[in-house]
Amino acid sequence: MSSSQATTARSGSNPFDSFFKISERGSTLGRELRGGLVTFFTMAYIVVLNPLIIGSAKDGDGQLIGGGLDSGAAIAKVAVTTALVAGVVTILMGLVANFPLALATGLGLNAFIAFSVASKMTWADAMGLVVLEGLIILILVLTGFRKAVFEAVPVQLKVAISVGIGLFIAFIGVVDAGFVRRPGAPSGPPVELGVGGNLRGWPVVVFVVGLILIITLYARKVKGAILIGIISATVLAIVVEAIVKVGGRTTDNPGGWGLSVPKLPDQVFTKPNFDLVGEFNLFGSFERVGLISALLLIFTLMLADFFDTMGTMTAIGAEAGLLDKDGNPPNSQRILIVDSVAAAAGGAASVSSNTSYIESASGVGEGARTGLASVVTGICFLISMVVAPLVTLVPYEAATPALILVGFLMMTQVKGIDFDDIELAFPAFLTIILMPFTYSITAGIGAGFVSFVILKVVRGKARQVHPLMWVVSALFVIYFAIGPLSDWLT
């Protein structure tokens, strides 16, 4: 019996393996479980961070989300609901699309909703806009438009998207760990090493130790290298905090922990409160800010959601070795459908749009290749609803070393770009550098698309541009001009 026949036989005799195609994709049950856990650990911060953003901002009527002025209650509600929606939609991704991709409230989008949208209307109105945006995206998927746009993108630009995201998540890693920071002086460089050009604090030591451990284990081909590294760094962080009492990072304590202080909580279990679910007003925003302003807000949300996910699923598929010859991942239509549903679900639950997380690449780096890893991640999110205090045990500094390794692995794909062809090389270059430089996947993709079309035109090859690339590039021009347009309209 050949090896392929043996694999088929094993898969056919195991319904669980057959459903997720674990053996077919060259994975194992252990890898999927570890990959799911690693993905959860590297993105669990959203359960802590999203409440601080959504739960602490006031709407146009001066109310916190859920009504009232009790920030503690608002933050607690957002934390539970953030975990609930992330858990459900991530499990849905695993079961429906069978892809190792986790979803949760989108960072950046949540801040945009909290400070630029909700401040002009009520929270219910703002979340209604998010639901509308998700439904519009879903329609675009069901009509085949979103997939058609994805398939119209040249393969080498898809490679550039993966490479750019690799640099982006590595940059996220060093910034969240405090290894690289924004300097205090406005006249200085945009970023610098540590504080004033010097590394400060025990948390950075934990980050460096965790990074060295993960790289060492990976180089020695140790199974579970990333998971072992995160757990070990977390234990070290707990010990350091218990002994040194580092505390949280503030202006007076620049060497503190970045987001959560890794100390044993007073209580382990909490009672979930789901009052925020269903608190949205679908068309209330049109009454508060007018038709044109509401449509511009929806367009901004939609374009960011549309292309962030496209880039993320390309990068994850490339890292997992699941892309076909045209650079498309398996079940791409299903992936896009689940992502669209997640966007609307986040608004319907009042926690902002949920979207695909590039941190899923850390689970892929641990060996995940199927949707089983997503199911594991989703279950972890659901469990975190009742053990939320334990989630804070994993600080940024213990989880972010995984992003550095994964960033390196994704960067190796750069060799697939022909840098002798200026029509592809320069758009690829812009895509790669602008993702970390602008802290935006969408901005990098947009710059790459627009420059690709421009170069084709100036070299007399406009007919080689796919019609959908013309459409999308025009939309990106509007996206980049949204600020001046908004100022002009107001």
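These values consider heavy atoms only, across backbone and side chains, with no hydrogens, waters or symmetry-generated copies.
- Side-chain contact check for Asp61 and Thr122: no donor-acceptor pair (N or O, by modelled atom type) lies under 3.5 Å.
- Partners of Pro154 under the side-chain contact (heavy atoms from CB on, under 4.5 Å) rule, at least two apart in sequence or in another chain, are Leu157, Leu424, Phe452, Met469.
- Arg182 places no side-chain N or O within 3.5 Å of a backbone atom of Val191 that could act as its donor or acceptor partner.
- Between the side chains of Asp339 and Thr309, a donor-acceptor pair is found at a separation under 3.5 Å.
- Here the side chains of Asn354 and Val341 are not in contact, with every heavy-atom distance at 4.5 Å or above.
- By the 4.5 Å heavy-atom criterion applied to side chains, Ile172 and Thr400 are not counted as neighbours.
- A 6.0 Å sphere centred on CZ of Phe299 holds more than 12 heavy atoms belonging to other residues, nucleotides or ligands.
- Classification of the Phe476-Tyr479 ring pair by plane angle, with boundaries at 30° and 60°, yields perpendicular.
- Counting only N and O atoms by type, the side chains of Thr42 and Ser362 include a donor and acceptor under 3.5 Å apart.
- Partners of Ala315 under the side-chain contact (heavy atoms from CB on, under 4.5 Å) rule, at least two apart in sequence or in another chain, are Ser162, Ile165, Ile358, Met410.
- Val80 pairs by the side-chain contact (heavy atoms from CB on, under 4.5 Å) definition with Pro272, Phe274, Met385, not counting sequence neighbours.
- Side-chain contact between Leu167 and Phe171 is absent, with no heavy-atom pair separated by less than 4.5 Å.
- Taking 4.5 Å as the limit, every side-chain heavy atom of Ile65 sits out of range of all side-chain heavy atoms of Lys77.
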